[in-house]
Amino acid sequence: MSQQPLTMEQLKQILQLKNDGVAIREIVRRTGISRNSIKKYLLRFEQTLEEKITGISNQQLAEAAYDTETSFLTIERRQALIKHFTYAESELKKTGVTRHLLWQEYKEHQPDGYNYSQYCHHLSVFLKKKDVVMHLHYDAGDMIMMDFAGKKMSYVCADSGEIIECQVFISVLPHSGLIFCKAVRSQNTYDFIDCINSMLKFYEGVTLTILCDNLKTAVIRPDKYEPVFTDICYQLSDHYATTFSATRPYRPRDKAMVERCVNIVYAHIYAPLRDRIFSSLSELNHAMHEQLRQLNDKPYKNTSYSRRYFYEQNERAKLKPLPTEVFILKKCTLATVQRNYHIQLPEDHHYYSVPYGYAGKKVKVWFDNKTVEIYDEHSRIAFHLRSHITQSAYHTIAEHMPSNHQYAVNIKGWTKPDLLARARQVGTHTAQVAEHILSSSIYPEQNYKSCYGMLMLQKTFGSSRLEAACARALGAPRVNYTMIKNILYAGLDKQQQTQDNNNSLPDHENIRGRDHYQ
């Protein structure tokens, strides 16, 4: 690289020392500039030395010190180079484009241009000036940044001896800098949920936003303005009362804090554990969490404050409280409501009811190990506790049934104590008839129907007539529903009341007394 020219301040210092009568050797000692350089510039200042240093402007000094013609050529070359760099900056992002290729193109257009080493030096300076960053301020409790590390950890399977590589999930609270990390087997949905649950449990609260990059588990369609998230993120947002946000595609600096934390985890967790062999994922995570505790408790350089200190003092109280239960993944499926106003859950072939008016419609079913929720568009129309019995079964809520179906269920659902209680409300004779009917055969359901039908006769004939009919029927050897109905329709219950008023038998020649049978 060619020698850099002296700065304006150095030139003024040399002139001042020369005007003060200081020898060249002493000027070299005081300024640290080489003897030949001082002589070269003093030779150019032969005319200028006769004047006072205070009377010379920077422009005059530059004209005297630098070769004007050479400087002009240098400026012209530099301008052409800067123009080329504006083009090269975008070209470098394309596949296969290298600095050497761009330099060759530059030399074709500028044969007297810079050689490769100088070209690369000036290009690096140009890109560095363009690549400026901005300091961002993060409010306490506002955001969590998360990412998966590029490098993996591993453990050895105790059964097979196989080395199993693990993904490492890393997150940070940008305000306090508190770091969390965990090893998981993959980045699939279940491991992603496990990471989020463990992260929020570690922080003991929830921020307003969780910022992630465009990993497939979280983002369906990346977009600078409106990314589309997976159903898992929407479920997590709803459960934890937070919001997921994604960085712009190919803009890792949008989450610069966690990108920096990845390197910190490499240095403070990966490196100390590099020679240890772990036999399970839980053992690996236990060792990582011990190193993580030391990292978060370690004071920042030249201070006595740690990440945990700032978290406890400034941020912990600003986090929203966690729900009572951790998030459990809910699966989603589309189903058509059958004519019997039930939908079938495909995993275990159980059937769950919806209001009968939705029969034939397509609905969305969200379910987990505990609950089943059924939605028509965005409105929930049914909620059930999920059943885990092995055989398929119907789970019906009475309010979902039409009135005639509810009536049929009411009949089918009677028990012997229920029917006897209703019979006693009519009268003692009715209760005795009900007892006879319920004990008349070995088929309980048929007995229940007969008894229920007998009790329903009071709606047509009234309670008093039913009680009288039952009193008359009790004299028969066998009592059933048909007998009571016939008595009522024939009006015999009224005749029973007439005969009760005259119990004496009339005298008749054909009536033999008791003496006849002695």
Side-chain angles (χ1 to χ4, degrees), residues 138-148 167-223 226-247 254-255 257-258 261 285 289 292 296 307-308 310-312 314-332 364-373 375 378-380 383 385-386:
Y138 299 99
D139 295 328
D142 179 61
M143 181 183 296
I144 293 175
M145 294 183 180
M146 49 160 281
D147 196 7
F148 281 93
Q167 301 280 346
V168 176
F169 174 87
I170 300 173
S171 66
V172 63
L173 290 169
H175 178 80
S176 61
L178 192 69
I179 298 174
F180 169 78
C181 65
K182 181 175 184 176
V184 289
R185 291 183 175 85
S186 66
Q187 296 186 26
N188 66 20
T189 299
Y190 293 97
D191 287 329
F192 179 73
I193 292 171
D194 182 36
C195 290
I196 298 297
N197 286 336
S198 300
M199 174 188 72
L200 296 178
K201 182 180 179 182
F202 176 81
Y203 289 138
E204 300 180 1
V206 186
T207 57
L208 299 177
T209 305
I210 298 177
L211 179 67
C212 63
D213 60 6
N214 295 281
L215 70 162
K216 292 182 179 179
T217 312
V219 179
I220 296 176
R221 188 181 70 242
D223 187 82
E226 290 186 352
V228 179
F229 292 94
T230 59
D231 286 335
I232 302 303
C233 288
Y234 292 120
Q235 289 185 48
L236 284 164
S237 299
D238 182 61
H239 182 80
Y240 286 114
T242 185
T243 303
F244 272 81
S245 180
T247 60
D254 287 357
K255 52 179 179 59
M257 280 287 292
V258 74
C261 288
N285 273 316
H289 289 173
L292 179 64
N296 285 323
R307 302 172 188 276
R308 190 172 300 280
F310 288 115
Y311 165 75
E312 296 289 350
N314 303 330
E315 192 152 26
R316 184 174 183 176
K318 299 293 182 67
L319 299 178
K320 295 190 291 184
L322 292 171
T324 55
E325 296 183 357
V326 298
F327 173 79
I328 299 175
L329 173 64
K330 288 186 177 181
K331 297 181 181 179
C332 180
K364 184 176 285 189
V365 184
W366 291 93
F367 61 96
D368 55 26
N369 290 331
K370 295 183 178 180
T371 61
V372 176
E373 297 180 79
Y375 288 83
H378 300 292
S379 176
R380 190 173 78 177
F383 176 85
L385 295 177
R386 188 175 179 185

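Position 1 is the first residue of the sequence; numbering continues from there.
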| Restricting to pairs with a member in residues 226-236, which pass side chain to side chain donor-acceptor pair (under 3.5 Å), not counting sequence neighbours? |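 The answer is none; no pair qualifies.
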Does the side chain of [X] reach to within under 4.5 Å of the side chain of [Y], using non-hydrogen atoms?
| X | Y | answer |
| --- | --- | --- |
| Val206 | Leu322 | yes |
| Leu215 | Phe192 | yes |
| Leu319 | Glu204 | no |
| Thr371 | Lys330 | yes |
| Asp213 | Val258 | no |
| Val326 | Tyr240 | yes |

Between [X] and [Y] (side chain of the first, backbone of the second, donor and acceptor by atom type, cut-off under 3.5 Å), is there such a pair?
| X | Y | result |
| --- | --- | --- |
| Thr242 | Leu208 | yes |
| Asn214 | Ala246 | no |
| His175 | Tyr138 | yes |
| Glu315 | Gly141 | yes |
| Arg307 | Gly177 | yes |
| Asn285 | Lys182 | no |
| Tyr203 | Leu178 | yes |

| said: Run the salt bridge (Lys or Arg N to Asp or Glu O under 4.0 Å) test against Lys331 and tell me which residues pass, sequence neighbours left out. | reply: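 Checked Lys331 against salt bridge (Lys or Arg N to Asp or Glu O under 4.0 Å); matches are Glu347.
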| field | Mutual orientation of the aromatic rings belonging to Phe169 and Phe148 [parallel < 30°, tilted 30-60°, perpendicular > 60°] | value | perpendicular
| message | Parallel, tilted or perpendicular, judged at 30° and 60°: which one describes the rings of Phe327 and His239? | response |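 Because their plane-to-plane angle is over 60°, the rings of Phe327 and His239 count as perpendicular.
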| field | Smallest separation among heavy atoms of Thr189 and Leu329, with atom names | value | CG2-CD2, 4.2 Å
| Got a sec: does the NZ of Lys216 have more than 12 other heavy atoms crowding it under 6.0 Å? | no
| said: Using a 6.0 Å cut-off, check whether atom CZ of Arg185 has over 12 heavy atoms from anything other than its own residue. | reply: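 No - once you tally the heavy atoms of other residues, nucleotides and ligands closer than 6.0 Å, there are 12 at most.
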